[in-house]
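Naming convention: chains lettered A, B, ... in sequence-line order (proteins, then strands); numbering from 1 in each chain.
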Amino acid sequence: MTVSLFFQHLANGISLGALYALIAIGYTMVYGILRLINFAHGDIVMVAAYVAFYGAAMYALPWWLAFPLAILLTAGLGMIIERAAYRPLRGVPRIQLFTSAVAVSFLLENLGIVVFSGRPKAFPRPAFLDKPLHVGDVIIISYTPVAVAVALILFGGLLYIVHRTKVGMAMRALSKDIETTGLMGVDTDRVIMIAFAIGSALAAAGGILLAIKFPQINPLMGVVPGLKAFIAAVLGGIGNITGAMIGGFLLGIAEIMIVAFFPQLAGYRDAFAYTILIALLLFRPTGLMGEVEPEKA
Amino acid sequence: MLEVRNLHVHYGGIHALHGISLRVPDGQIVALLGANGAGKSTTLRTIMGLVKPSAGEITLNGQSLLGLRPYEVVRRGIAMVPEGRKVFVNLTVAENLRLGAYARNDPQQIEHDLHDIYALFPRLAERQTQRAGTLSGGEQQMLALGRALMSRPHVLMIDEPSLGLAPVLAEGVFRKLQELNDAGQTILLIEQNARAGLSIADYAYILETGDVVLEGPAQELAQMDAVRQSYLGVR
Ligand SMILES: Nc1ncnc2c1ncn2[C@@H]1O[C@H](COP(=O)(O)OP(=O)(O)OP(=O)(O)O)[C@@H](O)[C@H]1O
Ligand SMILES: [Mg+2]
C-alpha cells in the first residue's frame, strides 16, 4: 500500500469515525445518568435524516436552514421520548426501562416505515461537499474535513457545557447520585431532559452526516450505525464522554483500515465491530477510559 | 419555624412513623435522637420530599411543604446534609460547594458566601481544586455541611454528622454547628449519640420505633433518669 493510499483510507476512517463519535455521545450521556442503554438512539439518527430530507428536498429549504432545523427538532424528539417513555419509570427495576427503550425503538422504526415509506429516498447532498481536495498526492472530497470540523466543533461545545456551565456541573453530579443532586436544589428531571436533548442533537448531526455519506436513506438506516456507535461508546468506556469521542474515531478508522489492509475480509466489515465488542466485554469491560464502579441501584 | 404534625410514613407494609409531631423554632437547635431504625432519617427524608407521607402535615413558616419535589423544598429554604454525607466524589471541593448554591441567582453573594465557608472550614479552602473523593471522612462531613449552607437555608437539617468520625472530629463538627447557631442558623440535628446531641441542642425529641416517646428542653432531658439510663449509658 502506498503512503498516499494509506492517508486516503485514514481520511475516510476519520470521517466515518466522526459520525460514530457523534452518535456514541448520546449513548454514553444517557447511560452515565440513568444507567440505561437507550436502544432508540439509533432510530433518532434516522428520524433526523428524514427531517433534514423533508426540509431540504420537499420544502426546498437551503441546507444551512434545513440541517440545523432538523437538529433542533430531533433534540425535541429526544426530550419527548425521555418525558413519555423513561421519566415515568424512574425508580422501577431497570429491566422495565430497557423494555421501554426497545419499545420506543420499534415504534420509531415502524412509524418511519408507515410515515416515510420503506422505499429508500435519495438524500439531497449539498454540492459543496463533493469537491475533490488535493493534499499532496492524496485526494479527499470536501465532505471529509467538513464532517470532522463539524464533529470537533460540537465536541468543543459539549465539553464546554459539561465542564464549564452550571447545568453541566449538575449533569456530572447527577451521574453519581440523582437523589443527592436533587437535594442541592437541582430540578433533576429538567437536567436529565437537557442531557437527552444534547445527546439527540449530536445524534442528529451524526444522522445528517450519515445521510450525506451514504445518500440513500431508509427507516432502518439507524440500526447498524447505532449499534456501532454503541460499541464505540463501550470501547471508550461507557459513561465517559471523551471516551465516546475517542472510541468513535478509533472504531471508524479501524473498520476502514481492516478492509483496506485485508480486502479479502471486506465482507466481514460489520462483524469486526461486533468482535471488538465481544473482546471488550471479555477482557476490558470498562473500556479505554471507563472507571470501575459499582452498579448503581 | 418548621413544623411537623401527626406525620405517618409507610414503606409498603412497614409503618415507619406513627404520627410524630415536632417543631423547630427559628434560631434554635432541635435534636431528634433515637436508636437504629427509630425513624430519624425517615423524618428528614419526608420533610425533604424524598419520601411521601401517608398522613400528616409539614409546614415551613405556615406554608405547607407537602407534595413538593426535593429541589422545591430546597428553594423554600430547607437544606439537608444526608446520612453518610454523599459528597460528589467526581466533583472538586469548590464544585460541590457551588452545586449547593444551584438554586440561587445572586452570583456576587455566592462568591461572598463561598469565602465565608472557606473561612469556617480552612481545610476546604486548601483543597478547593481537589476532587471530593480524595477527602478524609471528617473533611467530607465539613464539605457536606458547607455545601448545604451554600443554599442559605432557613432551616439546616443534618443526619448523623458524627457517624464514622473519630470522637475528636465529631466534636469539631458539633462545635461548628454551635458556632453556626450562635450566628443565627436554625438547625434540626439527628443523632444516635444522645450525649453529643443534647449537649448542643435547645430542645430534643426522642424517637423510638416511629413514636416520639419523650420531648423537652435538652438540659432537662439530659438530667432525667430514664434518658440517662437508656440513652446516655448512665446506670
Ligand atoms: N426505603 C425503605 N424501604 C423499606 N423500609 C425502610 C426504608 N427506609 C427505612 N425503612 C425502615 O423504616 C424504619 C426507620 O428507618 P430510618 O432509616 O428512618 O431509621 P433511623 O432512625 O434513621 O436509623 P439509623 O440510626 O440506623 O440511621 C426502619 O425499620 C427501616 O428498616
Ligand atoms: Mg438514619
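- Only the side chain of B:Leu50 comes within contact range of chain A, with at least one heavy atom under 4.5 Å from a heavy atom of that chain.
- At a heavy-atom cut-off of under 4.5 Å, chain B is reached by A:Thr181, A:Gly182, A:Leu183, A:Met184, A:Gly185, A:Val186, A:Asp187, A:Thr188, A:Asp189, A:Val191 from residues 181-206 of chain A, listed in order of number.
- The side-chain hydrogen bond (donor to acceptor under 3.5 Å, both in side chains) analysis of residues 152-168 of chain A, with sequence neighbours excluded, yields no pairs.
- The structure places CG of A:Leu19 at 11.0 Å from CG of A:Leu251, a figure rounded to the nearest 0.5 Å.
- Listed for the A:Ser175 side chain is a donor-acceptor partner under 3.5 Å among the backbone atoms of A:Arg172.
- By a heavy-atom distance cut of under 4.5 Å, not one residue of residues 32-42 of chain B is near chain A.
- In this structure, the portions of B:Arg98 lying under 4.5 Å from any heavy atom of chain A include both its backbone and its side chain.
- Put simply, OG on B:Ser136 and CG on B:Leu143 are 10.5 Å apart, with the number rounded to the nearest 0.5 Å.
- Applying a 4.5 Å heavy-atom cutoff, the residues of residues 58-85 of chain B that approach chain A are B:Arg69, B:Pro70, B:Tyr71, B:Val74, B:Arg75, B:Met80, B:Pro82.
- Taking 4.5 Å as the limit, some side-chain heavy atom of B:Lys176 sits within range of a side-chain heavy atom of B:Phe121.
- Screening B:Asp116, B:Leu145, B:Ile110 against B:Met150 for a side-chain contact (heavy atoms from CB on, under 4.5 Å) leaves a single residue, B:Ile110.
- B:Arg123 contributes no side-chain N or O that, together with a main-chain N or O of B:Tyr118, makes up a donor-acceptor pair within less than 3.5 Å.
- The shortest side-chain heavy-atom distance between A:Ile44 and A:Ile81 falls under the 4.5 Å cut-off.
- Note: A:Thr242 OG1 to A:Leu159 CG = 5.5 Å, rounded to the nearest 0.5 Å.
- Interatomic distance, CD1 of A:Ile23 versus OH of A:Tyr27, reported as 8.0 Å (0.5 Å rounding).
- At a threshold of 4.5 Å between non-hydrogen side-chain atoms, the residues A:Leu210 and A:Val45 count as touching.
- Of the residues considered (B:Val87, B:Asn90, B:Val89, B:Leu91), B:Asn90 shows the highest number of contacts with chain A, using heavy-atom pairs under 4.5 Å.
- Salt bridge A:Glu179/A:Arg90: absent, no basic N to carboxylate O contact under 4.0 Å.
- In this structure, B:His10 and B:His8 have parallel ring planes: the angle between them is below the 30° cut-off, well short of the 60° mark.
- Note that CG of B:Leu189 is 7.0 Å distant from CD1 of B:Ile29, once rounded to the nearest 0.5 Å.
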